[in-house]
Amino acid sequence: MRIATWNVNSVKSRLDRLVEWLQTAQPDVVALQELKCASADFPEMPVQVLGYEVAAHGDGRWNGVALLSRVGLSDVVRDLPGQPAYDGSIEPRAVGATCGGARVWSVYVPNGREPDHDHYNYKLKWFGVLRDTVAMEMAASPDLPYAVIGDFNVAPEDSDVWDISLFAQSTHVTPAERAALEDLRATGLADVMPRALKGEPYTFWDYRDGAFHKGMGMRIDLVYANSAFTSRVTDAYVDREARKGTGPSDHAPVVVDLDL
DNA sequence: ATGCCCTATGATATAGGA
């Protein structure tokens, strides 16, 4: 089975590239983030004709996540149980489903904006609820291959950003955010590290400053999986090709192959 | 030396991204 996660930065704006990528990469399960459209507006037909079932969860201008699967899609859950609100609303940032013998969550963790911003506390609280959800579900089915994949908006290690000295006052690398990741791993998940291509493990490059061509990237799109999942992994890589050319997302897909 | 982006929206600016 081939499973992938990709922050597409608007599924409608990215539709042509998404369809082309599905045809080329041939993933069985795909987690999408930043749909930037309502569930009802998700362009399902172009994806369905390629054989995928769709579980989309979006409410409009921002956020939005989805799971695509051509190996079954059942027990769909939208939002984390007890997911915290921001500014009075539960944002569409998580969708879970069982696909081809694995339980998978597509997550778009809040950005945090600035360390002293309300959004930062929201981010940490959101991670705590994600951890609780993972612990609960894995306790119910300990032998089920299980993976939380998506845009975590945290670089786990200093080597996951191009120049850590530029992140002194920034989110994405603070001890509290990394501790939240560690708490999540402590439920029994491990970071499935993609092969470094061109010596870089990055999954995101800002549109600004020619960041992609200068190697100014970050690894913030992660695959966190339990041992039933990781023991079956045969390969993992970042599809840098998807960041090239005309009209790319600012994130590249992370692809994982496994014997399942 | 400095700035160089992209998306969606009741839009001709703004918020958000990270």
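Atom set for the values below is all heavy atoms of this structure, side chains included, hydrogens, waters and symmetry mates excluded. Throughout, protein chains are lettered first and strands after them, A, B, ... in sequence-line order, and every chain is numbered starting at 1.
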Does a side-chain N or O from [X] land closer than 4.0 Å to OP1 or OP2 of [N], or not?
X	N	result
H119(A)	dA18(B)	no
N153(A)	dA18(B)	yes
S10(A)	dA8(B)	yes
T171(A)	dA18(B)	no
R14(A)	dT7(B)	yes
Y108(A)	dA18(B)	yes
R113(A)	dG17(B)	yes
N7(A)	dG17(B)	no

Proximity to the side chain of [X] - top-ranked nucleotide from [options]:
X	options	result
R93(A)	dA18(B), dG17(B), dA8(B)	dG17(B)
E34(A)	dT7(B), dA18(B), dT9(B)	dA18(B)
K36(A)	dA15(B), dG17(B), dT7(B)	dT7(B)
R208(A)	dT7(B), dA15(B), dG17(B)	dG17(B)
Y207(A)	dC4(B), dA18(B), dG17(B)	dG17(B)

Rounded off to whole Å, could you give me the CH2-to-P distance for the W62(A) and dG16(B) pair?
5 Å
Between CD of Q169(A) and C1' of dA18(B) the distance, given in whole Å, is 15 Å
Using a strict threshold of under 4.0 Å (side-chain N to carboxylate O), is an ion pair present between K244(A) and E241(A)?
yes
Basic-acidic side-chain contact under 4.0 Å: R2(A), D257(A):
yes
Distance between the [atom1] atoms of [N] and [M], in whole angstroms?
N	M	atom1	answer
dC6(B)	dA11(B)	C1'	15 Å
dA8(B)	dT12(B)	C1'	15 Å
dC5(B)	dA18(B)	C1'	13 Å
dA15(B)	dG10(B)	P	15 Å

Which residues pass the side chain to side chain contact (heavy atoms under 4.5 Å, CB included) test with M193(A), not counting sequence neighbours?
D160(A), P201(A), R219(A)
Take V109(A) and V11(A), find for each the nucleotide of DNA chain B with the closest heavy atom, and name the residue whose nucleotide sits nearer the 5' end.
V11(A)
